[in-house]
Q: 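Quick one: structure below, then a few questions.
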Amino acid sequence: MSKHSAVAVCLPGIEKICEAELLALGIKKTHAFKGGVNFTCSARQLYAINVWLRTATRVLVRVARFDAYNWDEMTSGLDMVDWDAYLTKRQAVRLRVSSSSSRLYHTDGIAERVAKHLNVKQANEGDLAGVETEHQLLVVRVSHNQFTVSVDTSGEALHRRGWRQAIAKAPLRETVAAAMLISSGWQADTPLFDPFCGSGTIAIEAARTARGIAPGADRNFAFQNWPTFAPGTWASVKAEIGQTATDQPLGIVIMGSDRDAGAIQAAQANAERAGVASDVTFVRQSVSDAKSSSFADSATGTTPAAGALVTNPPYGIRIQGGDMRNLYSRLGQVARSEFPGWTLTMLGTDAKTIGHTGVRLAEQFATRAGAHSVSCVSGAISTETPPA
Ligand SMILES: C[S@@+](CC[C@H](N)C(=O)[O-])C[C@H]1O[C@@H](n2cnc3c(N)ncnc32)[C@H](O)[C@@H]1O
């Protein structure tokens with residue numbers, strides 16, 4: 001069985017989480033580096049990994065590595081690849097080229113020559129809206145005159161699960177929400193609460209995890225357009241997706257709340273599309289009004305002793321109606337008074353602001369969210385306030 005040399009590309013900072021996911025999916029040898037994880041896999045694993053990885057942005061296969069100081073050497077290197085395995089004749093390609101410290105440095109020129117040599121049309125940005133999966137992405141990286149050529153297997157970025165169409169302010173990438181849930185240590189048989197839920201990303205990602213729904217269950221991938229695509233293998237991966245998903249009630253409360261009515265509407269619409277509308281409760285309320293009684297067992301009335309608050313509060317200096325210090329300290333007060341024994345996992349831009357929660361929190365990973373450098377911190381909620 002032929003093996004692919006592959007790389008799972010992820011946001012810098014979450015490589016180790018992505019690597020652990022790959023190992024859990026049965027990949028034997030992995031190597032994490034800044035922004036990705038290298039590994040080898042079979043075609044079946046390649047399909048399954050696209051479907052199951054929660055934290056990767058995309059998966060590429062490396063098809064060539066060669067030195068080239070001029071165009072002739074570049075085209076000879078390209079000729080070593082069996083392009084018929086990946087490209088259909090009439091398909092347009094997108095080329096993503098980077099070059100540093102190399103003789104061939106003009107990235108547009110490299111892209112043009114590669115497309116011409118492969119006799120394929122280059123898709124321009126105007127062609128891309130909504131049809132990313134139809135344009136095969138090729139990634140060419142040149143560093144110190146060494147070319148690394150990769151073929152994308154994913155198509156649309158993997159954080160686009162397909163269900164988040166309604167967005168509120170500052171939506172979180174699904175991959176970061178997944179990384180937060182994994183590093184929170186949340187167990188899918190315990191309750192989960194996001195008191196700043198916005199469009200519901202964290203709560204919906206959690207509900208789909210608890211339900212055993214693969215993150216990529218509802219979407220297509222670039223490898224499905226390859227001439228070498230194996231429908232039988234794909235059918236067996238799809239059959240497995242069907243088997244892992246449960247249709248039984250989850251038996252836990254997963255809740256998102258936000259003070260913004262538009263956010264709650266967006267979250268509900270997203271949950272509907274994600275197939276978990278009956279698993280997640282979205283409530284319009286301020287963080288100050290959050291109550292542990294919302295998580296009480298309907299039969300016994302008792303509130304679970306363990307659960308997870310996983311959240312992405314607003315960032316920035318000032319927000320409507322107060323400053324961050326007040327908001328973070330409100331979050332901390334609510335956590336300590338209503339949810340002792342639970343864990344708090346949150347994103348924040350700086351230790352000082354996060355410190356206003358008064359909950360002892362340790363950094364799990366640091367990454368980027370939109371324009372912000374953010375840190376994901378987590379810790380057990382106790383009734384005691386740590387010394388300032
Ligand atoms: C960074 S956004 C969360 C984005 C969310 N993770 C998503 O993926 O869409 C922060 C949210 O906090 C909400 N918010 C701000 N102040 C609040 C408060 N005092 N109580 C509850 N929600 C609040 C905002 O309406 C906003 O939706």
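Values reported hereafter were calculated over all heavy atoms of this structure, with side chains retained and with hydrogens, waters and symmetry mates removed. Whatever order the structure lists ligands and atoms in, that order sets their numbers, starting from 1. Since we're looking at a predicted model, the values are computed, not measured.
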Q: Which atoms of ligand 1 sit under 4.0 Å from any heavy atom of T201?
A: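 Every atom of ligand 1 under 4.0 Å from some heavy atom of T201: 7 (C), 8 (O), 9 (O).
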Q: As a check for students: among D258, V334, I202, identify the option with a heavy atom nearest to atom 13 (C) of ligand 1.
A: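 Going through D258, V334, I202 one by one, D258 has the nearest heavy atom to atom 13 (C) of ligand 1.
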Q: Between Y47, F221, Y86, which is the residue that forms a ring pair (Phe, Tyr, Trp, His ring centres under 6.0 Å) with W226?
A: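 Of the listed options, the one satisfying the test is Y86.
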Q: Output the list of atoms in ligand 1 that are nearer than 4.0 Å to some heavy atom of N312, sorted by atom number.
A: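 Within the 4.0 Å cut-off of N312, ligand 1 contributes 1 (C), 2 (S), 3 (C), 4 (C), 5 (C), 6 (N), 10 (C).
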Q: Could you list the atoms of ligand 1 found under 4.0 angstrom from a heavy atom of D260?
A: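 Per the distance check, 25 (O).
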Q: In this structure, does ligand 1 have an atom that sits under 4.0 Å from one of the heavy atoms of L327?
A: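 Contact present.
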Q: Salt bridge check, K16 against E21: does any charged N sit closer than 4.0 Å to a carboxylate O?
A: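 No salt bridge links E21 with K16.
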Q: Looking at ligand 1, is there an atom of it that comes within less than 4.0 Å of some heavy atom belonging to Q285?
A: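 Contact present.
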Q: Could you work out, for atom 5 (C) of ligand 1, the closest of P314, C197, A203, A266 by heavy-atom distance?
A: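 Residue with the shortest heavy-atom distance to the ligand atom: C197.
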Q: I need the N50 CG to S154 OG distance, nearest 0.5 Å.
A: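 N50 CG to S154 OG: 4.0 Å, rounded to 0.5 Å.
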Q: Measure centre to centre between the rings of W234 and F223, then say whether the value is under 6.0 Å.
A: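 Between F223 and W234, which both carry aromatic rings, the centre distance is below 6.0 Å.
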Q: Which residue is it: T148, N38, T40? I am looking for the one with a side chain to side chain donor-acceptor pair (under 3.5 Å) to R62.
A: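 Of the listed residues T148, N38, T40, the side chain to side chain donor-acceptor pair (under 3.5 Å) partner of R62 is N38.
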Q: Taking atom 16 (N) of ligand 1 as the point of reference, which of R259, H372, M324, R284 owns the nearest heavy atom?
A: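 The nearest heavy atom belongs to R259.
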Q: First locate atom CZ of R336, then atom CG of L331, and finally report the distance between them rounded to the nearest 0.5 Å.
A: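 Nearest 0.5 Å value for the CZ-CG distance: 9.5 Å.
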Q: Any N or O on S199 sitting closer than 3.5 Å to an N or O of ligand 1?
A: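 For ligand 1, there is an N or O atom that lies under 3.5 Å from one belonging to S199.
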